[in-house]
2 protein chains.
Amino acid sequence: MITIYDIAKTTGFSPTTVSKVFNDYADVSPKTRRKILETAEQLGYLPNAHARSLTTKRSWTIGVLFNEPSGAGILHPYFAGVIEGFKKVSTSRGYDLMFISKDIGGKKSSYLEHCKIRGVDGVVVILPDFTDPYFLELLESNIPCVLLDQESDTKSTIYSDNIAGGILAVNYLHELGHRLIAHIGGGNTFAGEKRLQGYLQAMEGLGLPVDPEHVIQGSYDYTVESGRIAMEELLKASVLPSAVFAAGDNLAVGAMMAVKNQGLRVPEDISIIGFDDIEMVKFLTPALTTIRQDTYALGNKAADMLIYTIEGGEEVQSDMLPVELVIRESCRSL
Amino acid sequence: MITIYDIAKTTGFSPTTVSKVFNDYADVSPKTRRKILETAEQLGYLPNAHARSLTTKRSWTIGVLFNEPSGAGILHPYFAGVIEGFKKVSTSRGYDLMFISKDIGGKKSSYLEHCKIRGVDGVVVILPDFTDPYFLELLESNIPCVLLDQESDTKSTIYSDNIAGGILAVNYLHELGHRLIAHIGGGNTFAGEKRLQGYLQAMEGLGLPVDPEHVIQGSYDYTVESGRIAMEELLKASVLPSAVFAAGDNLAVGAMMAVKNQGLRVPEDISIIGFDDIEMVKFLTPALTTIRQDTYALGNKAADMLIYTIEGGEEVQSDMLPVELVIRESCRSL
DNA sequence: CTGAAAGCGCTAACAA
DNA sequence: TTGTTAGCGCTTTCAG
């Protein structure tokens, strides 16, 4: 392995000067800079990130925290989209991404400990379950964080305008003539609660009564299976809704399955609208009408915020991105 | 930050002894071991991974290389499934995962350089394009690697039995009575070529002629769009096939779209079989018949192999996992 | 069973 | 503009 000492030796300068060149110090003459750069090239020198981190206390690494227990994790398009967007900007700003789990060195540990051991500069948190004590511990630490789909006074946060999304969905259904509008919720999650709130708010604004039988909670991990179960429940209601707003596309897909299994049709018998606009839903029959959230942009923004904090920004930031109604075929006009 | 020096000071032992405790050396008396562990706990000591890596030349980090240009990357269920499986075992063995891109420190660089700078212990490669010079450079290096869907003499490899999958698909179609069987290929990729090979082999075995007009290549990144385009091409053939075997589920989905857009129906007019069994396809109408590959198992195995190499295994390993026909509704009996 | 000393590769005062 | 010195936190001989 070639080190700055090797470069120092062959150029005749000191290691310090060599180091200065690689750190863009101004007080190096153009001539020596050139010479050092040249021989570094010739020798095939590559800096050692660990050594650098040891002295500077900066690792240029960002930890990625996401849901493991559910197994949905990385496989869920929401997560994947956010990470994709996040990676794009963090990479261009010089940071690499590392997965942080509760496992480290093959032993169980907390997220916070894992982060400290690895010396990450900051962490992006994409956890649906915000009651996890290890997550809470992280929140109370002074590690730079950005939280997705979460609210916090101490850490920066970013999320889609879930309430507006819920309202958008209900209003659209109302415009189509629907009055009996049910909701399949995203369980005990921030996004789920906001979407439910949007639903409730819109129903009230429209003067539509909410039948308690028409509000069913799906599971926090937004699986198709959970949507199916919720819809089966809904189909047992004394009065059937004519439309349902599902808090996630997977839930909506599950709901469509349940409807079909029951011998009913979407949208002829029941209209369904989802939330997310994951890629697959436009290929369903009927293609799913849904509320689109821009996961890629969410990831971009999250990275901006986190890097701002990492690089000394004091302000706790928060941002909300607009959502959009995407009309396809799963909702019919009454 | 608490270091082993702090522990040494408060316990009265030397830093060396403290270090030995954390490295499970046998030559420490149970009593001192206990005392050191206790005060470490009290002081809230956490090891510093960078410092450790600097001396040991081991980072307990595995680099993850995957396709970025296509943008499909992490969003593709194949990739996500493999990573999920890979992460599971590598994490339990004490390794963390880091994304490796061609960007480092905000500047362009090669994969190999990025790996060396970060000091990863090994890398898992999931790149469709095996002509990428930076990938080749990595192959020629002595960094431990495991390659997915690739063949190599110098690095360990793992993939599904793509040829058998192709054969399975064609034979199934043949059993259903199909004779005019077309193929939409996965382009210039290892998996794509093997699947094509399986197709050709089966056709020949069955004594079915292969109409050149009936073999169209999709793009290497297996997108829905590329499947749609390929199918449109196929629909212009002088003789229409009664069935098509698509080398990937996304391609199959695109093909289904094209068929529908043309006013034809699946499977009444054309039967379609895919490859992968990504989650969404069972929710399509008709639900897609496909060849399932076990991406999670692929990831598990890949991690086993890579860690074997990292930890000193000399042997270049290679493994092939079986695939399975999943019959649903997109192929009809003639 | 314990510890002293050296060194991993790099950066950061501070002098010169 | 350049170099000396010290040190980041840890591991590893090797000696006691």
Side-chain angles (χ1 to χ4, degrees), chain A residues 1-37 39-40 43-61 94 104-105 113-121, chain B residues 1-37 39-40 43-61 94 104-105 113-121:
Chain A
M1 176 177 238
I2 306 296
T3 73
I4 54 171
Y5 282 88
D6 299 313
I7 301 179
K9 203 156 289 173
T10 77
T11 57
F13 292 103
S14 73
T16 306
T17 304
V18 176
S19 172
K20 283 180 177 175
V21 168
F22 292 118
N23 290 283
D24 288 325
Y25 276 60
D27 61 351
V28 182
S29 82
K31 215 188 297 178
T32 57
R33 155 168 272 111
R34 199 164 346 105
K35 187 166 174 196
I36 285 172
L37 252 19
T39 69
L43 266 39
Y45 167 75
L46 291 176
N48 179 317
H50 298 298
R52 198 198 293 256
S53 296
L54 187 55
T55 38
T56 59
K57 270 92 181 70
R58 285 279 266 118
S59 65
W60 293 94
T61 302
I104 185 166
E113 286 180 0
H114 195 152
C115 288
K116 286 188 170 166
I117 291 172
R118 283 296 187 177
V120 300
D121 295 332
Chain B
M1 174 176 239
I2 306 295
T3 73
I4 54 172
Y5 282 88
D6 298 314
I7 301 179
K9 204 156 290 170
T10 76
T11 57
F13 291 102
S14 73
T16 306
T17 304
V18 176
S19 172
K20 283 181 176 172
V21 169
F22 292 118
N23 289 283
D24 287 325
Y25 275 59
D27 61 350
V28 182
S29 82
K31 214 187 296 177
T32 57
R33 155 167 272 112
R34 199 166 344 106
K35 188 165 173 194
I36 286 173
L37 251 19
T39 70
L43 265 39
Y45 168 75
L46 292 176
N48 179 318
H50 298 299
R52 197 197 295 255
S53 295
L54 187 57
T55 39
T56 59
K57 269 92 181 72
R58 286 279 267 117
S59 65
W60 295 93
T61 302
I104 185 167
E113 286 179 0
H114 195 152
C115 287
K116 286 188 170 166
I117 292 171
R118 283 296 188 177
V120 299
D121 295 332

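Labels below follow one simple rule: chain letters A, B, ... track the order of the sequence lines, proteins then strands, and each chain is numbered from 1.
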Touch class at under 4.0 angstrom, heavy-atom based, for B:Gly12 against every strand present: sugar-phosphate
For atom CZ of B:Phe13 and atom C1' of C:dA4, their distance in whole Å: 16 Å
Terminal axes of the helix from C:dC1-D:dG16 to C:dA16-D:dT1 (five pairs each): angle between them, nearest 10 degrees: 30°
Partners passing ring-ring contact (aromatic ring centres under 6.0 Å, His included) against A:Phe22 (at least two apart in sequence or in another chain): A:Tyr45
Atom-to-atom span, CG of B:Asp27 to C1' of D:dC14 - whole angstrom: 12 Å
Short side-chain N/O contact from A:Thr17 to OP1 or OP2 of D:dG3, under 4.0 Å: yes
side-chain hydrogen bond (donor to acceptor under 3.5 Å, both in side chains) partners of A:Thr32, counting only residues at least two apart: A:Ser29
Value in whole Å for how far the C1' atom of D:dG9 lies from CZ of A:Arg118: 15 Å
Heavy-atom protein contacts under 4.0 Å, nucleotides 9-16 of chain C, coded B base, S sugar-phosphate only, - none: BBBBB---
Touch class at under 4.0 angstrom, heavy-atom based, for A:Thr32 against every strand present: sugar-phosphate
Set of residues satisfying side-chain hydrogen bond (donor to acceptor under 3.5 Å, both in side chains) with respect to A:Ser53, sequence neighbours excluded: none
Partner residues of B:Thr10 under the side-chain hydrogen bond (donor to acceptor under 3.5 Å, both in side chains) criterion, sequence neighbours left out: none
For A:Arg58, side-chain hydrogen bond (donor to acceptor under 3.5 Å, both in side chains) partners two or more places apart: A:Tyr95, A:Asp121
Modelled atom types, side-chain donor and acceptor of A:Thr61 and B:Arg118, under 3.5 Å: yes
Whole-Å distance separating the CZ atom of B:Arg58 from the C1' atom of D:dT12: 17 Å
Non-neighbouring partners of B:Lys116 that pass salt bridge (Lys or Arg N to Asp or Glu O under 4.0 Å), sequence neighbours left out: none
Salt bridge (charged side-chain N to carboxylate O under 4.0 Å, His left out) contacts touching residues 3-29 of chain B (sequence neighbours left out): B:Lys20-B:Asp27
